[in-house]
Amino acid sequence: MPNGEFDARPAPRPGVLRTPEDRFEGIDDFRWPPRYHEVEPGLPGMKPREPLTPEALQEMLGIDWRATLGENDAIDPDKVNAYVKSGAPLYFLAWRVYSQEVESFLPSRIVPGWCLKPVSAAARRAYDAPFPNEDYVAGARRFPLLVPITADDPERIKNDAAWNVLERWRGPLLTLWGDACPFTFTTLGRGYRERVPGAALPGIAHKVFPAGHFSQEDIGEEMAEEMVAFIRKFPAEA
């Protein structure tokens, strides 16, 4: 390395995917150096199990997983809002099946569907940048399966363990919620505020904004201001 500079980039090993750095060239306002995290197949929580199939979803709950999609299998925000406001059951299950069934699992076809404001073409390209092909979205496809949906779901044990920790957390905790998130609009973070001791500390101002699931797109500046004020009010102990 010139001038003895240290190259912090890990050398790729056989079987390890690393997003090519040129995928991040030309992204608006992206000024950070690449950082890499390796995910090993076979980690806890990555076990295959029986999926919730489109047929089972339709038979059990009458839900068509394609009901909220538009062109190119993109999630349509108007259809999502209409679906949720109609009282249709369990939108999350439709999303869960979508994540396993859709042929091209691209963030640019998902993120705008859960926002109240339009997402620019530049932002959509930025969301897609880390994922050159289907191999790179294996982890993203897995995320919806980490939410337990039955009493005997293996993920329930891990989620319950996490709540056992959160229910003892007495450090400051701030919730900033979007009222139009199709997954959490009925609770708006109430579970965190009621169950986490640190959320009840004096001086914490929990807020609900007019925003969707990806609230950083709808109210990014407002949320940043709230977070900065929170950090200044509750600075980390040295």
Trainee: Could you walk me through whether T68 and Y91 pass the side-chain contact (heavy atoms from CB on, under 4.5 Å) test, one step at a time?
Mentor: CA-CA 9 Å; T68 58; Y91 172 73; 3.7 Å; yes
Trainee: Do E155 and V147 have side-chain heavy atoms sitting under 4.5 Å apart?
Mentor: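 No; the side chains remain at least 4.5 Å from each other.
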Trainee: Compare all side-chain heavy atoms of I110 with those of I75 and state whether any distance is below 4.5 angstrom.
Mentor: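 In short, these two side chains touch, coming nearer than 4.5 Å.
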Trainee: Could you state whether M223 and F234 fall into the same hydrophobic cluster, counting links through intermediate Ile, Leu, Val, Met, Phe, Trp or Tyr residues with side-chain heavy atoms under 4.5 angstrom apart?
Mentor: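 M223 and F234: one cluster.
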Trainee: What's the shortest heavy-atom distance between V84 and P182, and which atoms?
Mentor: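 Heavy atoms only, the tightest pair is CG2-CB, 3.7 Å.
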Trainee: Taking all heavy atoms of F92 and all of P144, pick out the closest pair and write down the distance.
Mentor: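 Of all heavy-atom pairs spanning F92 and P144, the closest is CZ-O, 3.4 Å.
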Trainee: Is the closest side-chain heavy-atom distance between F105 and S99 below 4.5 Å?
Mentor: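 Result yes, sub-4.5 Å side-chain heavy-atom pair found.
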Trainee: Quick one: sort the W114 and W95 rings into parallel, tilted or perpendicular, breaks at 30° and 60°.
Mentor: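 Rings of W114 and W95: perpendicular, as their planes differ by over 60°.
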Trainee: Supply the atom-to-atom distance L90 CG to M60 CE, rounded to the nearest 0.5 angstrom.
Mentor: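 So the gap between those two atoms works out to 10.0 Å.
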Trainee: Over all heavy atoms of both residues, which pair between P197 and R170 is shortest? Give the atoms and the distance, please.
Mentor: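 Heavy-atom minimum between the residues: CB-NH1, 3.5 Å.
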Trainee: Please check if atom CZ in R195 has more than 12 non-hydrogen atoms from other residues, nucleotides or ligands closer than 6.0 Å.
Mentor: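 Yes, enclosed.
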Trainee: Is any side-chain heavy atom of F230 closer than 4.5 Å to a side-chain heavy atom of I204?
Mentor: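 When only atoms from C-beta onward are counted, I204 and F230 do touch, with a gap below 4.5 Å.
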Trainee: What heavy-atom pair brings I63 and A94 nearest, and what distance separates the two atoms?
Mentor: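 Scanning both residues completely, I find the closest heavy atoms to be CG2-CB, 3.9 Å.
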Trainee: Give a yes or no on whether Y83 and V97 share a hydrophobic cluster (residues Ile, Leu, Val, Met, Phe, Trp, Tyr; joining criterion: side-chain heavy atoms under 4.5 Å apart).
Mentor: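 Linked within one cluster.
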Trainee: Contact between R109 and V102 at the side-chain level, heavy atoms closer than 4.5 Å - yes or no?
Mentor: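 When only atoms from C-beta onward are counted, V102 and R109 do not touch, as no gap falls below 4.5 Å.
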Trainee: Using a 4.5 Å cut-off on heavy atoms from C-beta on, say whether the side chain of P107 contacts that of F131.
Mentor: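 Touching, per the 4.5 Å side-chain cut-off.
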Trainee: Using a 3.5 Å distance criterion without hydrogens, assess whether the side chain of R124 forms a donor-acceptor pair with backbone atoms of V111.
Mentor: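 Side chain of R124 to backbone of V111: no pair is present.
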Trainee: Using the side-chain contact (heavy atoms from CB on, under 4.5 Å) definition, which of the options D160, N159, D152 pairs with R156?
Mentor: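 Of the listed options, the one satisfying the test is D160.
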Trainee: Given the rule that I, L, V, M, F, W and Y join up when any side-chain heavy atoms are under 4.5 Å apart, are F183 and W177 in one cluster?
Mentor: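 In one cluster with F183: W177, no.
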Trainee: In terms of hydrophobic clusters joined by side-chain contacts under 4.5 Å, are I219 and V208 together?
Mentor: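 No: no chain of side-chain contacts under 4.5 Å links I219 to V208.
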Trainee: Work out which heavy atom in L145 is nearest to a heavy atom in R141; give both atom names and the distance.
Mentor: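 Residues L145 and R141, closest heavy atoms: CG-O, 4.4 Å.
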Trainee: Check whether any side-chain heavy atom of Y98 sits under 4.5 Å from a side-chain heavy atom of L69, and report yes or no.
Mentor: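 Touching, per the 4.5 Å side-chain cut-off.
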Trainee: Under 6.0 Å from the CE atom of M227, do we count more than 12 heavy atoms belonging to anything else shown?
Mentor: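 No, not enclosed.
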Trainee: Does any non-hydrogen side-chain atom of R96 lie less than 4.5 Å from one of L57?
Mentor: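 Heavy-atom side-chain distance check fails, nothing below 4.5 Å.
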Trainee: Taking all non-hydrogen atoms of both residues into account, name the closest pair between A56 and T53 and its distance.
Mentor: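 Closest pair (atom of A56, atom of T53, distance): N-OG1, 3.0 Å.
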Trainee: Answer yes if L61 and I149 sit in the same cluster of Ile, Leu, Val, Met, Phe, Trp and Tyr residues linked by side chain heavy atoms under 4.5 Å apart, and no otherwise.
Mentor: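 Same hydrophobic cluster.
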Trainee: State whether the number of non-hydrogen atoms from other residues, nucleotides or ligands found under 6.0 Å of E221 atom CD is greater than 12.
Mentor: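 It does not: E221 CD has 12 such atoms or fewer within range.
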Trainee: Got a sec, which pairs hit salt bridge (Lys or Arg N to Asp or Glu O under 4.0 Å) with one end in residues 52-73, sequence neighbours left out?
Mentor: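 Sorted pair list: R66-D73.
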Trainee: Can you name the side chain to side chain contact (heavy atoms under 4.5 Å, CB included) partners of L166, sequence neighbours left out?
Mentor: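 Expected list: W163, Y192, V196.
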